[in-house]
Amino acid sequence: MFSLSLIEHTLRLPPHLLGLSLEKAVRHELEGLFLDKVIAKLGLCVSVYDIRSINGGFIFPGDGAPTYTVRCRLIMFRPFVGEIIDAKLKDYDENSLRLSLGFFDDICIPPHLLPTPSHFWPDPENRNRRRWVWEYQTDDENQTSGSMFAIDEIGATIRFKVQSISYPSIPLEQPNSSKPFAPMVVTGSIDNDGLGPLSWWE
């Protein structure tokens with residue numbers, strides 16, 4: 001789920017940080033640049049792990065701040081395809097389940113990756129609300145029986161398998177009514193034994 005990524009970055013150090021030690025000042029700027037940011041193909045930065053080297057310190061004409069070339073390692077959230085992860089159900093509609101890890105919310109499970117067959121049916125206890133229901137069927141001595149397993153408890157723990165990770169391009173224009181842009185999207189599946197709400201398997 002987490003990995004170390006070595007990067008090299010050209011960093012301008014603002015004059016108001018020059019009173020700190022060089023390493024502390026550089027770390028402060030790196031954290032402002034990268035923490036909670038997505039780097040395409042690397043993932044979401046959750047921490048600056050260490051600083052391997054700081055070189056340069058050149059002051060360019062017309063600028064009052066030194067510029068350094070910094071090599072550092074970042075702790076990145078970057079799950080691998082096939083990884084099994086537990087997350088919380090944040091929201092759902094007819095298009096997907098949306099899950100959260102607390103620090104990362106852009107996890108979706110589309111209908112075709114739910115257990116088969118699953119239906120977006122009205123809630124019998126609240127006809128104004130709909131929910132996803134897995135219609136589980138078994139064959140017992142040539143007699144078919146079934147059970148219904150709902151996915152509707154916000155905050156419930158759901159175990160899923162990572163199907164893909166994508167890094168969408170930033171849109172040039174975005175309608176006001178659209179959802180916030182997600183620079184990294186994890187698509188998951190719960191269409192297998194042991195996956196889905198943990199309550200199903202207790």
Side-chain angles (χ1 to χ4, degrees), residues 1-91 96-109 154-176 178-188 198:
M1 186 186 304
F2 298 98
S3 61
L4 280 177
S5 292
L6 177 66
I7 68 165
E8 184 173 287
H9 185 72
T10 300
L11 184 71
R12 178 183 181 275
L13 203 59
H16 72 271
L17 294 179
L18 297 180
L20 301 175
S21 68
L22 181 58
E23 183 165 340
K24 285 184 178 179
V26 167
R27 178 178 286 273
H28 179 277
E29 281 299 285
L30 289 173
E31 289 175 346
L33 285 169
F34 295 117
L35 280 188
D36 295 325
K37 305 291 194 313
V38 169
I39 303 174
K41 309 304 180 184
L42 291 182
L44 174 72
C45 179
V46 297
S47 179
V48 176
Y49 183 72
D50 63 7
I51 297 171
R52 308 303 296 272
S53 65
I54 303 172
N55 296 307
F58 304 108
I59 298 178
F60 294 100
D63 193 358
T67 298
Y68 296 91
T69 299
V70 180
R71 296 177 75 243
C72 64
R73 289 190 294 177
L74 307 177
I75 300 177
M76 309 298 294
F77 167 67
R78 186 179 65 212
F80 58 84
V81 173
E83 184 173 3
I84 305 298
I85 300 175
D86 289 353
K88 301 291 187 182
L89 180 62
K90 181 182 178 183
D91 195 8
S96 68
L97 304 180
R98 289 178 289 279
L99 312 182
S100 173
L101 291 170
F103 63 89
F104 182 78
D105 294 339
D106 296 311
I107 303 168
C108 73
I109 301 176
I154 301 299
T157 300
I158 292 183
R159 181 164 294 158
F160 70 96
K161 181 169 71 173
V162 176
Q163 194 78 8
S164 66
I165 302 100
S166 61
Y167 301 89
S169 300
I170 299 175
L172 297 178
E173 295 183 4
Q174 194 167 8
N176 293 332
S178 63
K179 296 177 182 177
F181 172 70
M184 173 182 171
V185 177
V186 175
T187 300
L198 296 189

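Side chains included, hydrogens not; waters and symmetry mates left out as well; all remaining heavy atoms used. The chain is numbered in sequence order, starting from 1.
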So, E31 side chain and V48 main chain: donor-acceptor pair closer than 3.5 Å or not? no
Just wondering, do L11 and L33 contact through their side chains at under 4.5 Å, heavy atoms? yes
Report yes if some heavy atom in the side chain of S96 is under 4.5 Å from a heavy atom in the side chain of I109; otherwise report no. no
Going from SG on C108 to CG on D91, what distance comes out if it is rounded to the nearest 0.5 angstrom? 12.5 Å
Check ion pair R12-D63 (N to O, under 4.0 angstrom): yes
Is the distance between the ring centroids of H9 and F34 less than 6.0 Å? yes
side-chain contact (heavy atoms from CB on, under 4.5 Å), that's the test. Do L6 and R71 meet it? Break it down for me. CA-CA 7 Å; L6 177 66; R71 296 177 75 243; 3.1 Å; yes
Parallel, tilted or perpendicular: which describes the rings of F104 and F77, with under 30° parallel and over 60° perpendicular? tilted
More than 12 foreign heavy atoms under 6.0 Å from OH of Y49: is that the case here? no
Taking the side chain as every heavy atom from C-beta outward, state whether P168 and F181 have any atom pair closer than 4.5 Å. yes
Could you tell me whether the side chain of I75 reaches within less than 4.5 Å of the side chain of L4, counting heavy atoms only? yes
Measure the CG-CG distance between L17 and L22 for me, rounded to the nearest 0.5 Å. 10.5 Å
Within the 4.5 Å heavy-atom criterion, are L198 and I158 side-chain neighbours or not? no
Give a yes or no on whether a salt bridge exists between R98 and D105, defined as a side-chain N under 4.0 angstrom from a carboxylate O. no
Start with the C-alpha gap between L99 and K88, add the side-chain angles, then the distance that decides, and say whether side-chain contact (heavy atoms from CB on, under 4.5 Å) holds. CA-CA 5 Å; L99 312 182; K88 301 291 187 182; over 6 Å; no
Taking C-beta and beyond as the side chain, do N55 and Y68 meet within less than 4.5 Å on heavy atoms? no
Between D106 and M184, which heavy-atom pair has the shortest distance, and what is it? CB-O, 3.3 Å
Under a 4.5 Å cut-off applied to non-hydrogen side-chain atoms, are F160 and V186 in contact? yes
Does F80 offer a backbone N or O that forms a donor-acceptor pair with the side chain of E83 under 3.5 Å? yes
From D50 atom CG to E23 atom CD, the distance as rounded to the nearest 0.5 Å: 9.0 Å
Mark yes when over 12 heavy atoms from residues, nucleotides or ligands other than K37 sit less than 6.0 Å from its NZ; otherwise mark no. yes
Between E29 and L13, does a side-chain contact (heavy atoms from CB on, under 4.5 Å) hold up when you go through it step by step? CA-CA 7 Å; E29 281 299 285; L13 203 59; 3.8 Å; yes
Take a 6.0 Å sphere around CZ of F58 and say whether it holds more than 12 heavy atoms from other residues, nucleotides or ligands. no
One should read off an interatomic distance between D86 CG and T157 OG1, to the nearest 0.5 angstrom, of 6.5 Å
Under a 3.5 Å distance rule, please check whether R52 uses its side chain to pair with a backbone N or O of C72 as donor and acceptor. no
Derivation of the side-chain contact (heavy atoms from CB on, under 4.5 Å) call for R78 and L44: CA-CA 7 Å; R78 186 179 65 212; L44 174 72; over 6 Å; no
Taking atom CD1 of I170 as the centre, does the number of heavy atoms from other residues, nucleotides or ligands within less than 6.0 Å exceed 12? no
Spacing of CZ belonging to F2 relative to CG belonging to L74, to within rounding of 0.5 Å: 13.5 Å
List the atom of S100, the atom of A87, and the distance in Å for their closest heavy-atom pair. O-CB, 3.4 Å
What is the distance from atom CZ of R159 to atom CD1 of I84, rounded to the nearest 0.5 Å? 8.0 Å
